[in-house]
Protein chains: 2
Amino acid sequence: MTKSVLVLDDFLPYRLSFTSNLVSDAIASAYETLFGLSIPEWRLVAVIAENNGITQQMIGARTRMDKVTVSRAAIALTGRGLLKRSVNPADRRSQLLVLSRQGRELYGQIAPKALALEKQIFGALDKKALAAFVATLKRIEAVVGTAHFLPAAE
Amino acid sequence: MTKSVLVLDDFLPYRLSFTSNLVSDAIASAYETLFGLSIPEWRLVAVIAENNGITQQMIGARTRMDKVTVSRAAIALTGRGLLKRSVNPADRRSQLLVLSRQGRELYGQIAPKALALEKQIFGALDKKALAAFVATLKRIEAVVGTAHFLPAAE
DNA sequence: TGAAAATAGTATCAATTGTTACCAGTATGA
DNA sequence: TCATACTGGTAACAATTGATACTATTTTCA
């Protein structure tokens, strides 16, 4: 029987968040200095590059970003001429997002840098460990995504 | 040769942050509803329970929380009577933090809940996968902690 | 149809978080 | 020992983030 003592360093949610923040901070500051993009902004660029003509709503669903966050990022990117928005003829409340030529160019610069950064951070791990790691992340997502964690009042 | 295309869903820093946020949100809302504690506050409680008489500065170093965050959490906990602070005789700028009786009682309630929550989330994974997962997290920390990621201007 | 409910997106406001400036105390070393 | 530089902690401020309210449009169904 294992001792039921809580040690913060061994507490998995803490470990996970600690590591994740470490990585996010490193990446965020790299993007900020290299391209002047915040993380939400760079995520929009990436998602739109993959899915031309996507709507903000869909981006929010896909990335779990708040719709306000998405809206602000979209406005900022449009203001910088990286993004073009046109009314969605199928639903005039929403708009279709497309990268402008400049946006595509920027993306062309970002993508390899992002991959290089990823390699710098994760490249040291061997393929099997990495695959297992990703699989575990997905399993966690599945559990957390479906369950809820508030024990009925007691 | 692998195709060098960036797919957001396959981009590890993104996956990691996505999953971590999912878990953090679930945990944060559980603590908030059960005990009225924010994540920083609950971390302080945990760290102080483990290290009686620790200083804020040390907590910051250990958890990578900003010293202002630590300060606020400490003030809030003290205000709620969960924490006692006494001047550090060895260095009168700093204070030694100790849980009050109520604080220890609360911790006594929190700790098992936290472990239960952890089990709910990670219990589905088998031990080996879990150990590998933690090992990978630590390797990532080591890499990110030491390297810096801003390619010299180019 | 057309009135009521729902949705995409934005603006406004509130809360959280980080930055900077500061104060009290400590260490250094001329 | 006293001037200078440094550190722990907090206060005041700025920026970021999230919650709420609102507008324009679409969907539903009586």
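Keep in mind the model is a prediction, meaning the values are calculated, not measured. In what follows, chains carry the letters A, B, and so on, assigned in the order in which the sequence lines appear, proteins first and then strands, with residues in each chain numbered from 1.
Annotation: side chain of A:Leu44 is in contact with side chain of A:Leu77 (closest heavy-atom distance under 4.5 Å).
If you measure from atom CD1 of A:Ile39 to atom P of C:dT17, you get 18 Å, rounded to the nearest angstrom. A:Leu96 places its CG atom 15 Å from the C1' atom of D:dT25, with the value rounded to the nearest Å. Taking atom CE of B:Met65 as the reference point, atom P of D:dG8 lies 16 Å away to the nearest angstrom.
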Step-by-step side chain to side chain donor-acceptor pair (under 3.5 Å) determination, A:Gln56 to A:Arg85: CA-CA 10 Å; A:Gln56 295 184 189; A:Arg85 308 204 272 183; 2.6 Å; yes
Test side chain to side chain donor-acceptor pair (under 3.5 Å) applied to B:Ser17 and A:Arg43, step by step: CA-CA 12 Å; B:Ser17 137; A:Arg43 278 185 186 168; 3.2 Å; yes
Full working for side chain to side chain donor-acceptor pair (under 3.5 Å) between A:Arg72 and A:Ser38: CA-CA 11 Å; A:Arg72 285 196 267 246; A:Ser38 70; over 6 Å; no
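Recorded end-axis angle for the helix from C:dT1-D:dA30 to C:dA30-D:dT1 stands at 10°, based on five pairs per end and rounded to 10 degrees.
Taking OG1 from B:Thr63 and CG from A:Asp9, the interatomic distance works out to 10.0 Å, rounded to the nearest 0.5 Å. Within the model, atoms CG of A:Leu137 and OG of A:Ser20 stand 9.5 Å from one another, a figure rounded to the nearest 0.5 Å. Atom-to-atom distance recorded for A:Thr19:OG1 and B:Phe133:CZ is 8.0 Å, nearest 0.5 angstrom.
Take A:Phe18 and apply the ring pair (Phe, Tyr, Trp, His ring centres under 6.0 Å) test, not counting sequence neighbours, and it matches A:Tyr14. Every residue was checked against the ring pair (Phe, Tyr, Trp, His ring centres under 6.0 Å) condition with B:Phe35, not counting sequence neighbours, and none meets it.
Salt-bridge check for B:Glu141 with B:Arg64: failed, with every basic side-chain N at 4.0 Å or more from each acidic carboxylate O.
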Contact pattern, 5' to 3', of nucleotides 24-29 of chain C - B, S or - by protein heavy atom under 4.0 Å: BBS---
Sugar-phosphate or base contact per nucleotide [nucleotides 15-22 of chain D; S, B, -; heavy atom under 4.0 Å]: --BBBB--
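Within residues 51-59 of chain A, the residues having any heavy atom closer than 4.0 Å to DNA chain C are, in order of number, A:Thr55, A:Gln56, A:Gln57.
Candidate nucleotides C:dT10, D:dA11, D:dG9 were compared by shortest atom distance to the side chain of B:Ile75, and D:dA11 ranks first.
Counting only distance, with no hydrogens or angles, the side chain of B:Ser100 and the backbone of B:Gly81 share a donor-acceptor pair below 3.5 Å. Judged by distance alone, with hydrogens and angles left aside, the side-chain atoms of B:Glu41 form no donor-acceptor pair with the main-chain N or O of B:Ala76 at under 3.5 Å.
The side-chain contact (heavy atoms from CB on, under 4.5 Å) test with A:Leu97 singles out one residue from A:Ile59, A:Thr55, A:Asn52, and that residue is A:Ile59.
Regarding contacts with the backbone of D:dG9, every side-chain N or O of B:Ser71 stays at 4.0 angstrom or more from both OP1 and OP2.
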